[in-house]
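Chain letters run A, B, ... following the sequence lines, proteins first, then strands; residues in each count from 1. Being a predicted model, the structure only gives us computed values, none of them experimental.
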Amino acid sequence: MIDPALLEGLNPRQREAVEHRGQALLIVAGAGSGKTSVLTRRIAGLLSTREAWPSQILAITFTNKAAAEMRERIEALVGQAADGMWISTFHSACVRILRRQAESMGLKEAFTIYDSADSKALVKRLIRDLDADSLGFTPGGVLARISRLKNELTDLETFARSIDATDPKELGFLALYRNYQAALRRANALDFDDIIAETVYLFRAFPEVAALYQRRFRHVLVDEYQDTNHAQYALIRELVRPVPRAIADEVESRQGWQRELRDEHGDIPAASLTVVGDSDQSIYAFRGADIRNIVEFERDFPESRTILLEQNYRSTQRILDAANAVIANNFDRREKRLFTDVGEGEPIVGYTGYSGHDEAQFVADEIAALRAAGIEYSEIAIFVRTNAQTRPLEEVFIREGVPYRLVGGTRFYERAEVKDAFAYLTLAVNPDDDLALRRIINAPKRGIGDATVAALQARADRDGTPLREVLREVDSLGFGPKLSAAIRELDALLDDAAGMADSASPRPPHEVLSHLLTHSGYKDALSRSGDPQDEARSENLDELVSQAKEFRVQYPEATVVDYLTSVALFAAADELDGGEGRATIMTLHTAKGLEFDAVFITGVEEDLLPHRMSVNEPGGLAEERRLFYVGITRARKRLFLSLAASRAGFGDIHSSPPSRFLSELPADAVAWREDRGAGRQLGSAVGGYRGGWSGGGARGASRSRGFLESPVIEPRRKTEWKSPVATIRDNGELTLAVGDRIRHADFGEGRVVGVVENGAKTVAEVDFPAKGRKRLLVKVAPIEKL
DNA sequence: CCGTGCAAAAAACTT
DNA sequence: TTTTGCACGG
């Protein structure tokens, strides 16, 4: 029997969700319906009744932050009994499994995890190598397609068989995909999508490995199920498969385990699966999330039970009415209407500014008013659709003294110096990672330029070894003494670090990192440079080392590999701590799962929300609407919608009409605020759509009229400079030999004293009596033969 | 090989 | 607007 204390304060539906037992349970949890409470109490119930040991529970959350929070809440309910549960993201859980079973998949335990930027850099090089840009391939496009294939679990060979082999473009893509996978393999690396897909392949190829986890995890719980993609879905399916008797016997005898959990046939029955989700909050289709996973759950698991949670404990009725009205415009959805007994609440406030700055000023002013009304900064959030929108907000907040923090954006871990540092650290544990080595081989400057790297790479290709190995053989490569010494030094440093990271008593990550940054001369180079930006970079590295130290305090056993893993899987939403006393600026995507007393949704304009990139994609508009819905439902008490008539971006000024979603709000839901100061002209211009919209019917022509007629907005004219076009000189097939006399446009007459043949890059050394010896590129130098 | 300066490109959300 | 790539001169 579940402890009644665990059910206290729950409504009947929530209670049922906590108490239900069976093979599969789908909890359709509307926004703010208390699903985290339900999920944590459900797990606490399993533990406190001894239905499950902690080690038999696997809970998957969307972010590491959510995982940590869930663990805390369960601990608060059952204390120590919670130790040993796996509560993590899909990616963290899969990396953990893959590191243990790496050899089965032809990987080494310390494999590197490539983030999107790493992948992009790799693809970029592959495109160049194959001269594939002539076929119109872009790194982003290629990567998106590879990602889609991996999320659909279409492996390379399956894909190769499916393409039209007469289409050069298809063949080109196939070659890129093939080379990309080969490069990852050689570097002992996985990209984000591989992490999931390879785990599925692992389970499918090695049933006895899968059985280890199928036997262990008796209860699998997945949060935010609406945002799972096909690979994640397949992974869950694998985990909740029963283990056939023969395999169970084999695994248990091999491990020396007791025979247990068997049903009447001797099989180990499938684990129980609980998923929680809300198809109205599915906002990751671009990442392969498949809304069908939740829509078709009942068909996938015929014995499943579905429980609907519709009572909202978060927002006022006005906010919910707005949310319901907007989302009702999506077709094909299960009817669901959020309700509350919190009460009517304050009206939603709307504002239209001239510019992003004007909009930001509105936000700042309203924040001041909210503060006066007793709302804490930490209870105020400002949502943006794109990270580019944060700039004016930050500028105005700084000027007005509004304390804020920015979640996501240009992330700390994406800065060049931080990535360099991690490349060094990666090489300490994964010497196969050519990409990491190329990144730091000349950072700081060691005189190892493109030409040298190309020579090293040529040797690596010839021998089929990683680049790292070639460094060891530097003496046989015939480089000059200076260059050879530099390479030897780097080689020794990396060996040092490898020794520190992997010995009988491995050094903690921050020590290895600090050693690398100091002895490589990286830190020195930054502090010696006069560039003020380099000072900031140097500080970032200090910050990084202390973060690594902090990590070690939190996880005293953590190795370099653990640290690198944690960093690679770190997400924007994970850095939400420490927001006390500050308002939060973040994207609508990052806002999922959070709640605030007061919420500002900014940029509610066409081209931004819905984003212009989305309107042509199938389902794109519906997804944008869900995004708006997610934003609205984050608010407890106050909701503000704002937009700007024009916005600066990419060099010029762009103006957009208000978002079509505004016309989907209930009539008179929004109190449009009279604006300050120069607002008169704008006010009249805006009146056109304002009037039309409150009726809800005015679509089409009249909608955008207001802005187009607005007298104030005059896009700045772009000045076009005609720069004097330098003629590209080409001496064609001109050949020079020692002893030839030439005339140079600047240096006058001279005599050739040496020629290094290198095709189009042939260099001649010429002695000019007036200027001394110069080295000239024969093909393009302004010279003529005499 | 390095630093400079100019031209061109980029383009949304994120594990 | 900011970042990246490329040509140039040293």
Item to check | Gap between atoms CD1 and P, on A/I448 and B/dC1 respectively (whole Å) | outcome: 10 Å
Next on the checklist: Could you tell me how far apart A/I113 (CD1) and B/dT15 (C1') are, to the nearest whole angstrom?
Outcome noted: 11 Å
Checklist entry - Any donor and acceptor pair, going by atom type alone, linking the side chain of A/N229 with main-chain N or O of A/D290 inside 3.5 Å? => result no
Next on the checklist: Please determine whether a side-chain nitrogen or oxygen atom of A/K592 lies at a distance below 4.0 Å from atom OP1 or OP2 of B/dT14.
Outcome noted: no
Checklist entry - Choosing from B/dA12, C/dT2, B/dC13, which nucleotide comes nearest the side chain of A/R391? => result C/dT2
Checklist entry - Given B/dA11, B/dC2, B/dT14, which nucleotide is nearest the side-chain atoms of A/N387? => result B/dT14
Item to check | A/A451, nearest nucleotide to its side chain (from B/dC13, B/dC1, B/dA12) | outcome: B/dC1
Checklist entry - Under the criteria of a ring-centre distance below 5.5 Å and an interplanar angle below 30°, is A/F286 stacked with the base of B/dC13? => result yes
Item to check | Bracket string, DNA chain B, 5' to 3' - pairs by Watson-Crick or G-U geometry under 3.5 Å, | interstrand | outcome: ||||||||||.....
Checklist entry - Taking NZ from A/K124 and P from B/dA8, how many angstroms apart are they, rounded to a whole number? => result 17 Å
Next on the checklist: With a cut-off of less than 4.0 Å, is there a side-chain N or O of A/T590 near OP1 or OP2 of B/dC13?
Outcome noted: no
Checklist entry - Crowded around A/Q457 CD? As in, over 12 foreign heavy atoms under 6.0 Å? => result yes
Checklist entry - Among side-chain atoms of A/Y413 and A/Q547, is any donor-acceptor pair under 3.5 angstrom? => result yes
Checklist entry - Of all the nucleotides listed (B/dT15, B/dC2, B/dC13), which has the minimum atom distance to the side chain of A/N442? => result B/dC2
Checklist entry - OP1 or OP2 of B/dA11 less than 4.0 angstrom from a side-chain nitrogen or oxygen of A/T386, does that happen here? => result no
Checklist outcome for this item: From CG of A/L627 across to P of B/dT14 the rounded distance in Å is 10 Å
Checklist entry - What's the CG-C1' distance between A/D193 and B/dT14, to the nearest Å? => result 11 Å
Next on the checklist: Whole angstroms only, please: what is the NE2-P distance between A/H230 and B/dT15?
Outcome noted: 22 Å
Next on the checklist: At 4.0 Å (heavy atoms only), tell me whether A/S92 reaches a base, stays on the sugar-phosphate, or touches nothing.
Outcome noted: nothing
Next on the checklist: Determine whether A/E394 and A/R391 satisfy the following criterion, salt bridge (charged side-chain N to carboxylate O under 4.0 Å, His left out), listing intermediate values before the conclusion.
Outcome noted: CA-CA 5 Å; A/E394 286 191 87; A/R391 179 183 281 275; over 6 Å; no
Checklist entry - At under 4.0 Å between heavy atoms, what does A/F90 touch on the DNA or RNA strands: base, sugar-phosphate, or nothing? => result nothing
Next on the checklist: Is the distance between the ring centroids of A/H91 and A/F62 under 6.0 Å?
Outcome noted: no
Checklist entry - Below 6.0 angstrom between ring centroids: does that apply to A/F661 and A/Y629? => result no
Next on the checklist: At less than 3.5 Å, do the side-chain atoms of A/R287 and the base atoms of B/dC13 form a donor-acceptor pair?
Outcome noted: no
Checklist entry - On DNA chain B, nearest-nucleotide positions of A/K445 versus A/E617: which is more 5'? => result A/K445
Next on the checklist: Measure CZ/A/F383 against P/B/dT14 and give the value in whole Å, please.
Outcome noted: 13 Å
Item to check | Under 3.5 Å: donor-acceptor pair, side chain of A/S614, backbone of A/P610 | outcome: no
Checklist entry - Can you check the A/F479 CZ to B/dC1 C1' distance for me, whole Å? => result 13 Å
Checklist entry - What nucleic acid atoms does A/K120 come within less than 4.0 Å of, heavy atoms only: base, sugar-phosphate, or nothing? => result sugar-phosphate
Next on the checklist: Once you apply a heavy-atom cut-off of 4.0 Å, does A/Q389 come out as touching a base, just sugar-phosphate, or nothing?
Outcome noted: nothing
Checklist entry - Of the nucleotides C/dT1, B/dA11, B/dT14, which has the atom closest to the A/M613 side chain? => result B/dA11
Checklist entry - Roughly how far apart are A/N151 CG and A/H230 NE2, rounded to 0.5 Å? => result 10.0 Å
Checklist entry - Do the side chain of A/Q281 and the main chain of A/D278 share a donor and acceptor less than 3.5 angstrom apart? => result no
Checklist entry - Pick the nucleotide of DNA chain B nearest each of A/L569 and A/D450; which residue has the one closer to the 5' end? => result A/D450
